[in-house]
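Encoded as structure tokens, the structure appears first; notes follow it.
Heavy-atom basis, side chains included; hydrogens, waters and symmetry copies ignored.
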Amino acid sequence: MNGFSLGELCWLFCCPPCPSRIAAKLAFLPPEPTYTVLVDEPGSASTLHLSERADWQYSQRELDTLEVFFTRTSRGTRIGCMFVRCAPNSRYTLLFSHGNAVDLGQMCSFYIGLGSRINCNVFSYDYSGYGASNGKPSEKNLYADIDAAWTALRTSIDKITKVASPVLVIHGTEDEVIDFSHGLAMYEQCPRAVEPLWVEGAGHNDIELYAQYLERLKHFICHELPIS
């Protein structure tokens with residue numbers, strides 16, 4: 001019985017023979033997706049749905065605080081991203097690259113526990129071909145994935161430095177969806193920020209019920225905006 005040559009063995013794995021493709025098949029082990037991301041309409045918030053395989057360990061309240069969205073890499077792949085706000089007073093966010101045989105759905109419970117223990121928010125993403133990310137896993141795509149994730153993490157804040165008009169930042173101190181630290185960071189980095197309004201005790205969905213909310217907006221519009 002004839003043996004296989006090295007070229008023939010490579011051909012069994014991929015055609016044409018390519019060492020990088022063989023390495024990709026051995027190094028990347030994407031599981032069946034454990035989550036889906038639904039967007040009702042363009043520009044609206046995304047909704048995360050976890051399957052039973054995600055092994056979610058918390059309540060719906062924690063699930064609702066997970067921010068999921070897509071970003072595109074330099075190689076044209078659309079990758080899923082997740083921002084986990086688990087440390088309200090944290091000044092830092094950990095960019096976490098998970099292992100090669102899991103996706104964001106399987107990792108999100110771990111992220112909440114990790115961030116809570118080290119007092120740090122967590123930002124993570126799925127590699128090309130993992131979870132809700134399209135494309136195929138490869139070494140080149142992996143580098144593009146992490147670059148895109150880093151860029152997405154920085155642009156919640158970095159774009160504010162380019163705003164040239166007066167900016168009024170209003171934020172509730174007890175916001176359970178967008179942590180108060182984000183409003184504070186935007187105010188500190190905005191070059192044209194006017195005096196902010198921090199509404200003591202206000203959450204994400206009731207801030208407009210506070211009297212100072214309307215009073216501060218009226219003053220901003222009548223006295224702090226430039227006259228055209």
Side-chain angles (χ1 to χ4, degrees), residues 35 37 45-46 48 50 54-74 79-100 102-127 130-133 142-163 167-193 195-205 207:
Y35 70 98
V37 179
S46 300
L48 174 67
L50 299 175
D55 192 24
W56 176 246
Q57 300 173 15
Y58 295 89
S59 68
Q60 184 64 40
R61 178 179 178 181
E62 285 82 10
L63 185 63
D64 290 340
T65 65
L66 300 180
E67 180 182 344
V68 288
F69 61 93
F70 292 99
T71 191
R72 196 165 293 277
T73 75
S74 60
I79 61 171
C81 299
M82 177 180 289
F83 188 66
V84 185
R85 296 183 180 88
C86 40
N89 299 320
S90 175
R91 297 181 57 190
Y92 302 101
T93 297
L94 176 67
L95 177 56
F96 196 104
S97 298
H98 61 64
N100 70 342
V102 294
D103 65 9
L104 290 176
Q106 293 167 297
M107 292 298 295
C108 54
S109 289
F110 168 79
Y111 292 150
I112 291 178
L114 174 66
S116 300
R117 286 174 172 80
I118 64 175
N119 192 36
C120 189
N121 296 316
V122 179
F123 183 91
S124 190
Y125 61 100
D126 263 336
Y127 312 117
Y130 282 67
S133 300
L142 184 66
Y143 299 144
D145 295 342
I146 183 66
D147 283 342
W150 171 242
T151 299
L153 174 59
R154 292 181 57 191
T155 53
S156 60
I157 299 297
D158 283 356
K159 289 183 178 179
I160 196 66
T161 61
K162 301 177 182 179
V163 177
V167 174
L168 169 61
V169 180
I170 302 177
H171 208 128
T173 60
E174 301 299 322
D175 193 323
E176 71 283 2
V177 178
I178 307 297
D179 189 72
F180 173 66
S181 61
H182 287 255
L184 184 62
M186 292 190 69
Y187 167 69
E188 292 176 343
Q189 297 193 35
C190 182
R192 294 292 308 279
E195 186 67 22
L197 174 62
W198 311 131
V199 184
E200 191 68 32
H204 188 71
N205 296 311
I207 192 170

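Remark: the Tyr127 side chain and the Ser97 side chain contain no N/O donor-acceptor pair separated by less than 3.5 Å. Side-chain contact of Ser109 with Tyr58: a donor-acceptor pair under 3.5 Å is absent, judged by distance alone. In this structure, a donor-acceptor pair under 3.5 Å is absent between the side chains of Glu62 and Thr65.
Heavy-atom minimum distance, Ala54 versus Gly105: CB-O, 3.3 Å. When all heavy atoms of Cys120 and Cys86 are compared, the pair lying nearest together is O-SG, 3.4 Å. Between Ala148 and Ile79, the shortest heavy-atom distance links the atoms CB-CD1, 4.2 Å. Across every non-hydrogen atom of Leu66 and Leu48, the tightest pair is CD1-CD2, 3.8 Å. Heavy atoms only, all atoms of each residue included: Val169 and Gly183 are closest at CG1-O, 3.6 Å. Here the closest heavy-atom approach between residue Asp103 and residue Gly131 is recorded as OD2-CA, 3.7 Å.
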Side chain to side chain contact (heavy atoms under 4.5 Å, CB included) assessment of Arg85 paired with His182: CA-CA 11 Å; Arg85 296 183 180 88; His182 287 255; 3.6 Å; yes
Derivation and outcome, side chain to side chain contact (heavy atoms under 4.5 Å, CB included), residues Thr71 and Thr151: CA-CA 9 Å; Thr71 191; Thr151 299; over 6 Å; no
Stepwise side chain to side chain contact (heavy atoms under 4.5 Å, CB included) test for Ser124 and Leu95: CA-CA 6 Å; Ser124 190; Leu95 177 56; over 6 Å; no
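The CD atom of Gln106 sits 9.0 Å away from atom CG of Asp126, with the distance rounded to the nearest 0.5 Å. With rounding to the nearest 0.5 Å, the separation of OG in Ser181 from NE2 in His171 is 7.5 Å. Of the inter-residue distances, the one linking Leu114 atom CG with Leu94 atom CG reads 6.5 Å to the nearest 0.5 angstrom. Ile146 contributes atom CD1, which lies 12.0 Å from atom OG1 of Thr73 (distance to the nearest 0.5 angstrom). The CD1 atom of Ile118 sits 12.0 Å away from the OH atom of Tyr92 when rounded to the nearest 0.5 Å. A distance of 11.0 Å separates CD1 in Ile112 from CG in Asn121, rounded to the nearest 0.5 Å.
Side-chain contact check for Glu188 versus Leu184: some heavy-atom pair is nearer than 4.5 Å. Side chains of Leu104 and Cys81 form no contact here, defined as non-hydrogen atoms less than 4.5 Å apart. Asp145 is listed as a side-chain neighbour of Tyr125, based on a closest heavy-atom distance under 4.5 Å.
Between Trp198 and Tyr187, the ring-plane angle classifies as perpendicular under the 30° and 60° cut-offs. Ring geometry for Phe123 against Phe69 counts as tilted: the plane angle lies between 30° and 60°, on a 0 to 90° scale. The aromatic rings of His98 and Tyr130 sit tilted relative to each other, their planes meeting at an angle between 30° and 60°.
Here the options are Thr93, Val122, Val68, the test is side-chain contact (heavy atoms from CB on, under 4.5 Å), and the partner is Val84; only Val122 passes.
A distance-only check finds a donor-acceptor pair linking the side chain of Ser133 to the backbone of Gly80 [under 3.5 Å].
Note: Tyr111 and Phe96 meet the aromatic proximity criterion, with ring centroids under 6.0 Å apart.
Heavy-atom neighbours of Glu200 CD from other residues, nucleotides or ligands within 6.0 Å: at or below the threshold of 12.
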